[in-house]
Structures are given as C-alpha cells and as structure tokens.
> 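For reference, the structure I am asking about is given below.
Below, chain A is the first sequence line, B the second, and so on; all start at residue 1.
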There are 2 protein chains.
Amino acid sequence: MLEVRRLRLLAELAARGTLAEVAEALHQSPSSVSQQLGQLEREVGVPLLTKAGRRVQLTAAAEVLVEHTTEILARLEAAEAAVTALGDETAGTVRVAVFQSVALAYMPQALADLTRRHPRLRVMLSQRAPEQALHDLALRELDLVVAEHYPDHGAPHFDGLDRRPLTTDRLRLALPPRGSGAIWDDITSLAEAGCVPWAMEPPGTASRHWIEEQCRRAGFEPEVRYETDDVEAHVALVESGNAVALLSDLMRVRHRTAVRLIELPGSPRRTVFTATRTAIADSPGIIACRAALARVVPADLVLPT
Amino acid sequence: MLEVRRLRLLAELAARGTLAEVAEALHQSPSSVSQQLGQLEREVGVPLLTKAGRRVQLTAAAEVLVEHTTEILARLEAAEAAVTALGDETAGTVRVAVFQSVALAYMPQALADLTRRHPRLRVMLSQRAPEQALHDLALRELDLVVAEHYPDHGAPHFDGLDRRPLTTDRLRLALPPRGSGAIWDDITSLAEAGCVPWAMEPPGTASRHWIEEQCRRAGFEPEVRYETDDVEAHVALVESGNAVALLSDLMRVRHRTAVRLIELPGSPRRTVFTATRTAIADSPGIIACRAALARVVPADLVLPT
DNA sequence: AGTATCCGTAAGCAAACCTGAAGGGTCGCG
DNA sequence: CGCGACCCTTCAGGTTTGCTTACGGATACT
C-alpha cells in the first residue's frame, strides 16, 4: 500500500516547485525528502521525477499521483474534522490569517469573543496579505483566511476552497485635510490627482493593481512616491500632507482620521470574505471563528464621510 | 495528520469484528494492533473503542472514521492502479479466486493464455466458494473473483464492487445412468425425486439454498445424504448410482459424464460473473484477466444433454 | 470450576526515518 | 570565464517508531 506521507511529499513538491522548499515547509531536511521520494518511486515502479536544470520536474505519472493525493489529503482532513466535531466541545486549534485593516479593526474584539465562548479553542492569528493567505490556506498552512476581492478584479482561484462573504466596504480617495496646501485643496475628483504623489501598497497586491487601473481610466499614471503594505502608514502620510492614497472604510473604523475623502467614480466597494478548505468547513473551530467574525463585523460597512 | 495505516486497522476491525482477526489478516500480532489503535485514539482525542465482553465495540466516532477510511483506501488503491497503468506493460500480480467448476473447466486454458500474452503478469489463483470470495475481495485479500448468481436469489452485496457478467449456464438434475436401478429410472421430473438420497453442497452456499428451495416448490423436502462442496464428488456419487444432484453445464465441459439429465421447471440458468473492486477495475492486470476469461469462456454455455 | 479466547501493558529488538556532511551539477553575476 | 549560490543526491550515523514476545486481567463456553 502506498504511504500517504510519501504521496504528500510529492503533492507538496508539485505545489511548491523545489524539493528544498518542501523540506522547509515540512520542517525536514532536503535529504529526507529526496530519500522518501526515491522510495515512492521504487514502490510504484514508474519514474516520477526527471532532472530539469538544478531542479526536478514531475513526470506525467507523478501528476496523476498528485491528483489522487490531493483528493486523499482532503478526505483525510475531512475525516479528522468530522470525528473531532463529534467531540463534546469545540476545541483544538485554528490557524487564522487576516489582512491588516481587519486585524486592527475587528480581531481584538473577535478574539475576546471567541476565548469567552470557547475557552478550549486555541486561535493562532497571523497578519498576511490576502493573496499570500489564500495560497498558504490551500497549502494547509492556515485554516481560515479573511481576504478581499476588488470589483472587476479576478481573485486568485484555488481548488477545494470554501468562500463566504463577510462584509463590503466603500473605497475612497484620501486627501490631506483642508489647509495643507493648494495642490491638495484643488483636487475634487480622482481625475485631478494625476500630478500629486501617491502612497500605495507594493506591486503584486490586488489593491495596487486595482487603484492603478482606476488612475489610468481617469487618464493618468500615478506617481507612486511612497510604497508600503502598511495601510496605517498610508493614513499617516495623507494626514501629514505628503500624499494621497486609496482608503477603505475598514481603516476608519478604529479612529476617525482628519483626512479629506473623495468618492471614486461609481462608488466602488470592496468585498471582504472568509475562506477555508472545504474539507474542514464544517469543523466546529472554523464554524466558531466564522460566527465570531460575523458577530463583530457589520454585514455592510457604511461610515459617514 | 492521521496515519492511514492506523485508520486501516480501524476499518479492518469494523469489517472483521475482533482485534485478533485483524491481526491475523494483516500478519501482525494482536498486541501491535491494540497499540496502534490506542495511538489513533490518542491522536483524535475521542474514544474509539468500548469494551464489549471480551471483544471491543466501535463508538459512533469510530464508525464515522471508518466511513471516511473506506473512501480513502479505495482512492489510494485507485491511485496506485492509475499510475501503474501508465507503465509500459501490464505487469504486477493479480490475486484471482474462482469456484470449482470454473477452476476445472477453464482456468488452465485461461492461465496459459495469460502467461503467453503477459509474461510479466503474475496471477495467483485460488479456489474459493463465491460467497467467501466476494467477502475476501471486499476486504482487499483478492483482486478478481469469478462468482455465481442463482436466479431469484439475492447475491450478497458489497460496496465498491464492480461486477460484470461472464456467462450463463443451464442447471439440471443429474440422475444415475439408466440401468442403475428402478428407483432411479422411474424419475422423470424433479417432483419425483422426493424419496431418493441427494448429494448437495454444505448449508450456507447459494447452490444449496437454491436447490432446496426448488425441491420444496416441487413438494418435498430433500433427503441430503451426502454433503460436500466438491462438485466432482457429486458427479461421482450420481454416476455410481448413489444419489441425485444438481448439475450445471460448467461441470460437464471437461468430460461428458454418463449421468442422465432432467430439465428443471422453467429451464433455469445460473449467471456467472466476474467481480473486482471499482478502484482497481481499470488496472491493466484486471483488464487482462477479464479479457482472458472472456476469450476462454463461451458467452452462453449451451451443451447438448 | 476449568479452559480457551480476547484485549491490554511492558520490555527488548529490528526496521524505518531523519540528520548532517560531502559531492556533482546548474544557474546567475561579476 | 570563473566564482558563488543553489539544488539534488548519496552515504554513514543516531534516533524514533513499530513490532514481537511474554504476562496478566477479564469474559464466554463446557
């Protein structure tokens, strides 16, 4: 009988690309992974890996095996979830990742709510960009993710993921407060923000991609002078009269900022959703976490400008 | 992550009943099985076994786990079959079981055909009663089974089995040759065989159950004086003028017997089929074996009386 | 009551696994 | 073009895991 542990190594290799990465992800030495895969190859009697430069490439047979393995791993996880669900109380540990504004605005309250209701449930929270978080979720490094979806921007798709909307929040342009200087005060729409410095998230994020697209549609290429994934820094840069930036309502939940807000064309809203793997979607820990989030986060986030 | 090897032990326990039987089936010591199940119990954190007299009983949680495990094992097997199917040649080993008349009439030829076409395919053949064979097939102790199905007699059902008809053969009553004695010569139908000794297979077999039912419908309870699962012995007992017996055409393929044959009411036919587990139904070894059987066994067995 | 069967625990032992070091090959950069 | 960085593999080693035997408690059958 094929060993699932070995099959898993192959699946991880397919997902991560190099044998060294697999080893690091599973906290093993590359040597061990190599040996195990060699053993698997010997067992099935069909070559699974071919050398490709200094890396390895999966053969067609290996791809077939990976396909089955994905199913098997999901089923194994589902089995574990199902049987722990039969236990008396929601316990165990759930690894959650959220992006910054949710972490700041709602997680303290959500966590307090969770530990009060389920003292034996251990929640490990990490802050992670949505794209990375979904990726790690698919790789079973996380159990629950709060991610975002910008309008008309195809969110990355991963198989076996269970997504549920959490809330939506308005996206606006944030300008320095009135009196910070004429160049800011003259701006009354996005189209007029072509000649001022911007603060944006790093390239590769959905946020960056989306706002750049909006700028181009408005007729200009933004001058990105400040680049950071810390949205709090964006706010600080705008408040202090150094830049304009995209600002979502989620960031304004904790403390009202002095920034000036301008509606974007079409009053766009970002969708915030939770995601987990389908195999564990019914496990008590996941259900409890989602419920806590739903209690804490308003279904429709509407803040006065 | 749950170890599949341990889960398998639990599944086998569910199928076999006692921990000792599981150990024997997997060629291990009962102690080992007990330890592994204990480990599994510790891992899931939920009790899986309760003492029931000197045996153990599965808890509801364990049953859930078994259900998932069955799926996982099937998938694992399918993965292995799929990847070996990609290999250049049909090789490996297939464990086949057939019942007596097929073993005698057709297997020598079928085996010769197989080893000629696929020299690297190793076939392990055993002779086994259909009920037992199907049972062992479901338990993964066999890979391919040739079994029978009597008309109006519900064949035992096992999940995950792939059945395909192989042939049908006529069922008749066999009497001693003319001249063996008046008590035999006077019989011209089943209804008149109520006061003569019978040779039958042991109770619990489909054959026994079916012919007894036919006798009762004909208005008598048969006197079973000779009981053996060796159908060749039935023939010998009939030929030598000691009994009457049910005789299928399959038994007459090799050598014509001197027995006298009488049609049964409705000219009933038995169905002979091959069965394998769905997970491995597409593996080259299984396909090759089934093909060899189909070549050797006529689709419809019709022998002159 | 006696016996056989079954499950669980303890201790010794063998196999499997993982680690670390060394080697060969490839890619990228100066 | 040479060097370093990176990656995979092999080999020898220690450690963990799992298996086996032996023993004891409990239960069913005769």
> Taking DNA chain D as the partner, which of residues 10-21 of chain A come within under 4.0 angstrom of it by heavy atom?
A:T18, A:L19, A:A20
> Once side chain to side chain donor-acceptor pair (under 3.5 Å) is applied, do any residues pair with B:E21, and if so which ones, sequence neighbours excluded?
none
> Any side-chain heavy atom of A:E227 within less than 4.5 Å of one from A:E201?
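A:E227 does not reach A:E201 side chain to side chain.
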> Please figure out whether A:R6 or B:P30 has its closest DNA chain C nucleotide nearer the 5' end.
B:P30
> Ignoring hydrogens and geometry beyond distance, is the side chain of B:S31 in donor-acceptor contact with the base of C:dG8 at under 3.5 Å?
no
> Taking DNA chain D as the partner, which of residues 33-50 of chain A come within under 4.0 angstrom of it by heavy atom?
A:S34, A:Q35
> Suppose we screen for side chain to side chain contact (heavy atoms under 4.5 Å, CB included). Which residues come up paired with A:N242, at least two apart in sequence or across chains?
A:Y226, A:L237, A:S240
> Among residues at least two apart in sequence or on other chains, which ones pass side chain to side chain donor-acceptor pair (under 3.5 Å) with A:T228?
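Once residues adjacent in sequence are excluded, A:T228 has no partner under the side chain to side chain donor-acceptor pair (under 3.5 Å) criterion.
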> Do B:R277 and B:D143 have side-chain heavy atoms sitting under 4.5 Å apart?
yes
> Please tell me whether B:S31 and B:Q35 have a donor and an acceptor in their side chains that are separated by less than 3.5 angstrom.
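The answer is yes; a qualifying pair exists.
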> Which pairs count as side-chain hydrogen bond (donor to acceptor under 3.5 Å, both in side chains) when at least one residue sits in residues 7-20 of chain B, sequence neighbours excluded?
B:R8-B:E12, B:E12-B:R16, B:E12-B:R140, B:R16-B:E141
> Atom CE of A:M1 and atom C1' of C:dA16: how far apart are they, to the nearest Å?
16 Å
> Per the end-axis method with five pairs at each terminus, what is the bend angle of the helix from C:dA1-D:dT30 to C:dG30-D:dC1, to 10°?
30°
> Does B:R54 have any salt bridge (Lys or Arg N to Asp or Glu O under 4.0 Å) partners at least two apart in sequence or in another chain, and if so, which?
none
> For A:D162, enumerate each residue passing the salt bridge (Lys or Arg N to Asp or Glu O under 4.0 Å) test, keeping only those at least two apart in sequence or located in another chain.
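Salt bridge (Lys or Arg N to Asp or Glu O under 4.0 Å) check on A:D162 returns A:R164, A:R290.
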> Given side-chain contact (heavy atoms from CB on, under 4.5 Å), test B:F99 with B:R128 step by step and report yes or no.
CA-CA 5 Å; B:F99 57 91; B:R128 213 166 295 200; over 6 Å; no
> Give the first and the last nucleotide of DNA chain D, reading 5' to 3', that has any atom under 4.0 Å from a heavy atom of chain B.
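Answer, 5' to 3': D:dG18 to D:dA28.
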> Sequence neighbours excluded, which residues qualify as salt bridge (Lys or Arg N to Asp or Glu O under 4.0 Å) partners of B:D229?
none
> Could you measure the distance from the CH2 atom of B:W198 to the CD atom of B:E212? Nearest 0.5 Å is fine.
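It is 10.0 Å, given to the nearest 0.5 Å.
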> I need the CD-C1' distance between A:E3 and C:dA16, as an integer number of Å.
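Distance check: A:E3 CD to C:dA16 C1' gives 10 Å.
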> Only counting residues at least two apart or in another chain, list the ones meeting side chain to side chain contact (heavy atoms under 4.5 Å, CB included) with A:V83.
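So A:V83 forms a side chain to side chain contact (heavy atoms under 4.5 Å, CB included) with B:V44, B:A61, B:L65.
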> Should A:R54 be listed as having a side-chain N or O under 4.0 Å from OP1 or OP2 of C:dG28?
no
